[in-house]
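Throughout, numbering of the chain's residues begins at 1 and tracks the sequence. As the structure is a prediction and not an experimental result, all values here were calculated from the model.
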Amino acid sequence: MKSNIANLASQGTVVPSEKSTSIFVAAKPDFSIEGLLRILSDNNENRIVACVEPDESCWDKLRNLRPEILLLHQQAVMSPMNEFFARIKSTASDTKAIIFGQNMDDAFLLNIIRAGAVGYINENMSGHDLLKAIREVKEGGLWVERRILEMLAYAAIDMERTMENTIRERIDAVRKLLTTRETVAFKLVLEGLATKEIAERMHLSEQSVKLHLGRIFKKFQVTNRSQLILFTFARICPVSNVYRLIRMTLDKRRIEKGQPPLIKDPLEEDPSSSKT
C-alpha cells in the first residue's frame with residue numbers, strides 16, 4: 001500500500017504544468033488516499049509534493065516545501081483547533097488547508113472553518129468536486145456547502161445583534177456618569193478636537209472646557225485624553241469582538257449590497273455548465 005501511494009505521489013500519469021498547484025497530503029495510507037492521489041495525479045493542474053503520515057516530522061516537511069494547498073485528513077486535525085490551524089499558518093504562512101474525510105458532522109465542519117480551514121471534501125463530493133475545490137481555494141475562495149454557510153450567516157446575525165446590544169448598554173452606562181455638558185465635551189474629545197475647538201463648539205471659555213474635562217477624567221479615573229480614549233474604546237468596543245464581528249458578517253454585508261458572497265457553495269450547480 002505505502003509503495004503504491006509513494007509512486008502516485010512522485011509520478012503522476014500526467015506531467016504537471018509549470019503553473020501547477022503544489023499539494024501536500026497529510027494522511028495515513030489506505031485505499032481512499034490512493035484514490036485521492038490518483039485523481040490529483042491524473043490532472044496536470046496539480047503537483048503532489050509530498051504524501052506523509054500526520055506525525056511531528058510532518059511539520060518540518062511542510063515548512064521546507066511550503067505548498068499552496070494542504071490536504072489534511074480529518075483524523076489529523078488536533079484540538080484545540082484554533083491553535084492547530086495557527087500552527088499551520090506559522091509553519092507555512094501561504095499554505096491553505098482543506099480537510100477531507102467521511103462522516104464529518106456539521107459541528108466539526110463549522111469548527112474547522114472558524115478555526116482557519118478554507119474548505120472541506122466529504123463523501124457527498126466527487127473527484128470533480130475535489131479538483132474544483134483546489135482551484136477555487138487557490139484563487140482565494142472558500143469551499144463550503146450551503147447549509148454550513150447558512151449556519152455561519154445565522155451565527156453572524158446573532159453575533160451582530162449581541163454586539164449591538166452590548167455596545168448600546170455600555171454606551172448608556174457611560175452616559176449615566178456624565179452631565180449633558182460633559183457628554184458633549186466627551187464626544188468632542190473622542191472626535192479629536194483640541195480644547196480651543198471644543199470651547200468654540202460649545203460656546204464656552206477654554207477654562208470652562210478644562211473644568212468639564214477634569215471632572216470627566218476624575219469620573220473615569222484617568223489623567224489625560226489619551227487614557228480617556230483608550231479606556232472608552234476598551235470599555236465599549238473590545239478589539240477582538242469587533243474584529244470577529246466584521247469577519248463573520250462580511251458575506252451578510254456583501255449580500256445586502258447586491259454583491260455575490262465570498263463563500264461559494266461547492267454543490268451549487270454552475271449556471272455556465274447547465275444544459276439547455
Check whether any side-chain heavy atom of [X] lies under 4.5 Å from a side-chain heavy atom of [Y], and answer yes or no.
X: V49; Y: S22; answer: yes
X: N46; Y: L131; answer: yes
X: R147; Y: L109; answer: yes

Taking E83 for its side chain and P80 for its backbone only, find out whether a donor-acceptor pair lies under 3.5 Å. no
Run the salt-bridge test on E56 and R87 with the 4.0 Å N-O cut-off and return the result as yes or no.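 Looking at E56 and R87, the cut-off is met.
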NZ/NE/NH1/NH2 to OD/OE distance under 4.0 Å, D129 and K132: no
Suppose we call two aromatic rings close when their centres sit under 6.0 Å apart. Are F217 and F186 close by that rule? no
After noting the C-alpha distance and the side-chain angles of L204 and R181, does the key distance pass the side-chain contact (heavy atoms from CB on, under 4.5 Å) rule? CA-CA 10 Å; L204 297 173; R181 284 285 180 90; 3.2 Å; yes
Would you indicate whether [X], at its atom [atom1], is surrounded by more than 12 heavy atoms from other residues, nucleotides or ligands within a distance under 6.0 Å?
X: Q221; atom1: CD; value: no
X: K187; atom1: NZ; value: no
X: N224; atom1: CG; value: yes

In sequence, state the C-alpha distance, the side-chain angles, and the governing distance for Y120 and E145, and then conclude on side-chain hydrogen bond (donor to acceptor under 3.5 Å, both in side chains). CA-CA 9 Å; Y120 58 85; E145 291 169 284; 2.8 Å; yes
List the steps and the verdict of side-chain contact (heavy atoms from CB on, under 4.5 Å) for L71 and F24. CA-CA 6 Å; L71 279 178; F24 188 110; over 6 Å; no
Member of K210, Q207, R225, E200 meeting the side chain to side chain donor-acceptor pair (under 3.5 Å) criterion with T195: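 Only one option passes, and that is R225.
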Check step by step if salt bridge (Lys or Arg N to Asp or Glu O under 4.0 Å) holds for E68 and K138. CA-CA 7 Å; E68 294 171 89; K138 181 181 179 179; 3.8 Å; yes
R47/L40 under side-chain contact (heavy atoms from CB on, under 4.5 Å): CA gap, chis, key distance, verdict: CA-CA 8 Å; R47 174 170 52 90; L40 295 175; over 6 Å; no
